[in-house]
Amino acid sequence: MKEFLHYFTVFFDGAILIYVILIVSSYLILAVYSAKALIAYLQEAKFLDSQQLMASPLAPSVSLIAPAYNEANTIVENVRSLLAIQYPNLDVIIVNDGSKDNTLQLMIDAYALVPVFMPVDAKIATKTVRQVYKSTKAVYSNLTILDKQNGGKADALNCGLNYSKAQYIACIDVDCVLSQDAVVKMIQPFLSGKVPCIAVGGVIRIANSCIIEDGRLISVRMPDNWLARFQVLEYIRAFLMGRMGWSKADGLLLISGAFGIFDRKIALSAGGYDHNTVGEDMELIVRMRRYMIEKGLKYRVEFIPDPLCWTEAPATYKVLGRQRNRWMRGTIETLLQHKKMFFNPKYKILGMLSYPYWLFFEWLAPIIEIVGLLYLLILVLLGQPNVLFSISMFVMVFAFALFMSALAILFDEFTFFQYKRKRDVLRLVLVAILEPFIHHPMTVRWGIQGNIDFLKGKKSWGEMTRAGFATKKVNK
Amino acid sequence: MKWLEIIQNYLAQQGWEIGNDILVVWMVSLGFVLLAFLFVFTVLMSRFRRDYLAAWQLQFENQLEPLLLDLIYGNQSSFKAWRKQPDFQSFEKKFLKNKRGRMTMIAVLSRLRTQLEGRDAQKLELAYHHLQLWRESIKLLHNSYWHKQAIGIRQLGELNYVAAIPEIKRLVDHTREEVRMEAQLALIQLDQRDPLGFLDTLQKSISLRSRIGLYEALNKKTGIEIEHFAPWMYSKNPDVQLFAAEMAGHFNKAADANALLHLVNHTNDDIAIAAIQSLEKLGDQLSMQLAISLVDINKLTVRESLLKSLSRIGYQEENDWLDWLASEHFVLAEIAFNHLMKYKTVAFVEELANTIPSNAAIHRILEQYHTFESAVKP
């Protein structure tokens with residue numbers, strides 16, 4: 001027994017060490033890639049002239065598709081904010097996904113909508129569209145409302161895809177605040193480069209406590225709520241270091257559902273959004289990439305680090321837990337649906353690096369972390385001599401987390417400099433120190449719960465209650 | 001390693017027997033923490049640097065503003081007289097002796113130059129030329145970083161330094177798209193004789209972004225009229241053909257209609273579509289009618305574009321529209337349906353649909369139409 005325990009601990013220590021080395025080195029490599037990508041982006045951005053595009057008849061057409069479900073409190077303002085987005089060839093498609101409240105009626109009244117006939121060659125099957133509405137007022141001529149039976153977010157987005165006639169579709173969450181030049185900036189990768197771009201993802205930032213008026217972001221503030229602050233740091237790390245790095249390595253597997261632009265024809269050819277998963281955003285981009293590779297077509301997927309899309313982060317652990325649970329289930333569903341890619345050289349970086357990364361460091365990470373903690377506990381209870389090594393490994397992981405968070409703050413400082421007040425930076429540093437003890441254990445718990453719910457076959461989104469920006473106005 | 005042993009010995013003296021593996025992990029952890037503090041320190045230092053630079057910039061602009069106002073609107077007899085005034089002398093001594101000052105001066109002049117026109121703009125160009133600030137821009141052209149080269153080109157173009165044309169011409173086929181675009185834009189700005197001459201020999205691609213930039217530059221350019229774009233429609237570079245086809249329509253070059261017609265059945269769909277759209281902009285009904293027979297029946301996207309253009313110009317040949325209405329391609333039948341509904345009744349379309357095989361797209365469209373009608377009827 002004693003010998004077995006010895007070999008078991010040697011094996012387990014080795015496994016943990018290898019896992020830690022792999023995760024640390026992959027994060028470091030991603031950080032280096034991100035730094036390179038950010039520097040390159042900032043250099044290229046000096047030569048982007050938004051005004052030229054704004055005035056140009058050559059600007060490609062873009063449809064902004066926003067699904068709405070029971071958004072009566074904010075829909076009129078949100079649509080107004082979308083209509084105010086500056087782009088010369090833009091149409092806005094709001095998909096009322098069978099709202100049970102008076103979302104549709106409010107839009108009809110506010111925008112003078114009337115039913116119109118619009119033939120559609122539905123390439124993707126969706127729930128029935130009850131009516132298509134257009135405005136009688138010329139000023140809203142680029143607004144289309146699709147009223148359909150409830151079918152979920154993916155179904156609503158597919159419906160918008162079917163009706164859009166534009167070259168590109170921008171899929172957004174209707175409650176997000178987009179900066180007015182969001183589309184102008186996000187469309188840029190489609191305008192250049194010899195290899196066609198099929199999708200562009202954007203950074204999502206936390207809008208809690210920010211000053212927002214008439215659907216426009218006026219001033220960026222650090223959230224008052226600590227939970228939202230943790231998410232600020234998480235988002236900076238995830239977007240500026242993670243996705244930027246993956247984009248540079250041509251291995252990006254996720255464009256956030258809150259804001260992304262896609263080539264409409266490719267999205268349609270790939271089959272549109274999958275309504276059988278709660279991670280429809282990740283699933284679509286994986287399937288689009290697979291489609292291009294399997295067809296032998298050259299393509300690019302890009303990521304724009306500008307802070308263009310602002311969203312209200314969950315401000316309670318209950319709501320955040322539901323969100324993270326759903327993200328975990330979405331990740332698992334997508335990875336299982338595309339398991340063919342796992343270490344498959346045909347899919348190059350996607351199969352050999354991105355997929356294994358998501359599998360081991362996103363899906364399995366909370367499980368491995370819990371197993372590691374249990375192992376440490378057993379060692380302590382058994383009074384094993386190598387307990388110090390395991391504790392040391394945990395200390396190193398904490399130190400590394402601190403290092404990565406500080407690096408993320410540095411990246412933000414030297415790129416988009418969002419938090420201008422010095423005290424906000426100090427708050428972020430404090431968040432970085434506290435996060436591993438307060439926030440991280442909760443994310444591990446939600447990750448585990450997501451795994452359990454996936455095994456139970458749970459498919460629901462979970463209610464996302466938000467305070468709404470309208471009640472969040474802060475006076476200067 | 002020796003230093004590991006030293007630490008181990010020290011810890012052993014304190015009663016801590018620690019193995020190499022654990023010590024390495026501790027050292028690495030300490031390294032991460034120290035680096036984290038270094039990053040935070042750098043962030044805070046950068047704030048101070050930012051504040052310092054902002055204050056410097058403010059001081060620079062505060063001193064420069066009255067001098068530039070005097071240059072543009074004042075009554076100095078010549079540039080030399082303006083330069084000799086004591087205020088400018090002290091400004092030059094304080095700011096223009098170092099590179100940062102000169103580069104900031106160029107940036108300010110460039111910014112103002114884009115906002116002014118005529119003689120006022122020329123005075124700013126004069127300052128750039130006489131203060132020999134162009135030397136900084138030329139130096140940038142020879143820099144090994146592409147973004148520095150592109151900035152140099154932009155400065156020379158915006159501040160109208162014509163002598164740099166030969167140097168800039170060398171860069172129109174640069175490997176970086178941004179440099180190519182800046183060089184092409186600068187040549188449109190600087191080369192009064194042949195602003196689009198670079199298209200004759202261009203080897204590299206012209207992206208949509210560059211085409212947007214070039215269109216804007218041509219649109220803003222005053223005093224020079226590009227006679228026609230037809231010669232470039234026969235270029236060996238398909239991007240040059242595409243650009244020429246687009247510009248012929250935007251600048252309303254009716255004389256280019258024949259060359260455009262030659263492109264409507266181009267193997268590259270983008271070029272064919274651009275040619276059709278330009279013919280539409282020219283309002284050339286006859287060429288559009290000819291295009292119907294020229295466009296390959298299998299090129300769906302080109303035909304779609306052609307039908308949309310025909311609908312927009314109000315093409316009236318009813319038999320053609322009825323043919324398209326019977327198309328098995330939904331999008332073509334949809335355009336024809338929408339077009340006919342402007343002039344005819346749904347009963348007319350329905351009567352025709354009954355003579356077409358049931359798998360034609362028009363039957364689906366009519367079915368959707370009836371569903372719509374029954375839904376909106378009170």
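First the proteins, then the strands, lettered A, B, ... as listed; each starts at 1. Keep in mind it's a predicted model, so treat the numbers as computed, not measured.
Contact of A:Q131 with chain B is made through the side chain alone, with heavy-atom distances under 4.5 Å. For A:D121, the parts lying near chain B are the backbone and the side chain together; criterion is any non-hydrogen pair under 4.5 Å. Looking at B:D51, the atoms closer than 4.5 Å to chain A (heavy atoms on both sides) all sit in the side chain, from C-beta outward. B:F337 touches chain A through its side chain: at least one heavy atom from C-beta onward sits under 4.5 Å away, while N, CA, C and O do not. With a 4.5 angstrom heavy-atom cutoff, B:R364 touches chain A only via side-chain atoms. For a residue to count as touching a neighbouring chain, one of its non-hydrogen atoms must lie under 4.5 Å from one of that chain's; by this rule B:F41 does not touch chain A. Only the side chain of B:Y215 comes within less than 4.5 Å of a heavy atom of chain A; its backbone N, CA, C and O stay farther away. In this structure, no portion of B:M341 lies under 4.5 Å from any heavy atom of chain A. Neither the backbone nor the side chain of B:E373 comes within contact range of chain A, judged by heavy atoms closer than 4.5 Å. Looking at B:L34, neither its backbone nor its side chain comes within 4.5 Å of chain A, counting heavy atoms on both sides. In this structure, chain A has a heavy atom under 4.5 Å from the side chain of B:M247, while its backbone stays farther away. Neither the backbone nor the side chain of A:M404 comes within less than 4.5 Å of any heavy atom of chain B. At a 4.5 Å heavy-atom cutoff, A:A408 makes no contact with chain B through either its backbone or its side chain. Interface remark: A:K123 contributes no atoms to any contact with chain B (heavy atom separation under 4.5 Å).
Crowding of B:E350 atom CD: a count of heavy atoms from other residues, nucleotides or ligands under 6.0 Å exceeding 12.
Most heavy-atom pairs under 4.5 Å with chain B: of the set A:P115, A:P119, A:S56, this distinction falls to A:P119. Contact count against chain B (heavy-atom pairs under 4.5 Å) is highest for A:E44 among A:K194, A:Q188, A:K46, A:E44. Of the listed residues (A:G193, A:A399, A:A59), the one with the most heavy-atom contacts under 4.5 Å to chain B is A:A399. Counting heavy-atom pairs closer than 4.5 Å to chain A, the top-ranked of the candidates B:A333, B:S205, B:S29, B:S210 is B:S29. When A:L17, A:L407, A:L428 are compared by the number of non-hydrogen pairs under 4.5 Å with chain B, A:L407 comes out ahead. The choice from B:E246, B:Q277, B:M181 that makes the most heavy-atom pairs within less than 4.5 Å of chain A is B:E246. Looking only at heavy-atom pairs under 4.5 Å with chain B, the residue among A:D412, A:V20, A:L53, A:V116 that has the most is A:V116. Looking only at heavy-atom pairs under 4.5 Å with chain B, the residue among A:A432, A:S192, A:A401, A:S405 that has the most is A:S192. Contact tally against chain A (heavy-atom pairs below 4.5 Å) for B:S207, B:A361, B:A217: the top residue is B:S207.
Using a 4.5 Å cut-off on side-chain heavy atoms (C-beta onward), B:L242 and B:R211 make contact. Side chains of A:D91 and A:S61 form no contact here, defined as non-hydrogen atoms less than 4.5 Å apart. A heavy-atom distance below 4.5 Å is not found between the side chains of B:L140 and B:Y145.
Ring to ring, A:F47 and B:W146 are close: their centroids are under 6.0 angstrom apart. Proximity of the aromatic rings of A:F398 and B:F32 is defined here by a centroid distance below 6.0 angstrom, and this criterion is not met.
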Let's go through A:Y133 and A:L104 carefully: what are the C-alpha distance in whole Å and the side-chain angles of both, what is the deciding distance for side-chain contact (heavy atoms from CB on, under 4.5 Å) to 0.1 Å, and is it a yes or a no? CA-CA 10 Å; A:Y133 294 90; A:L104 178 65; 4.0 Å; yes

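Looking at A:T144, its side chain never comes within 3.5 Å of a backbone N or O of A:K134 through a donor-acceptor pair. B:E178 contributes no side-chain N or O that, together with a main-chain N or O of B:R176, makes up a donor-acceptor pair within less than 3.5 Å.
Between B:F229 and B:F243, the ring-plane angle classifies as perpendicular under the 30° and 60° cut-offs.
For B:R113 and B:E158, the salt-bridge test fails: no basic side-chain N is under 4.0 Å from an acidic carboxylate O. Between B:D173 and B:K204, no side-chain nitrogen of the basic residue sits less than 4.0 Å from a carboxylate oxygen of the acidic one, so the salt-bridge criterion is not met.
In this model, no donor atom of one side chain and acceptor atom of the other lie less than 3.5 Å apart for B:S110 and B:Q155.
Exactly one of A:F414, A:F411, A:F403 qualifies for a ring pair (Phe, Tyr, Trp, His ring centres under 6.0 Å) with B:F39. That residue is A:F403.
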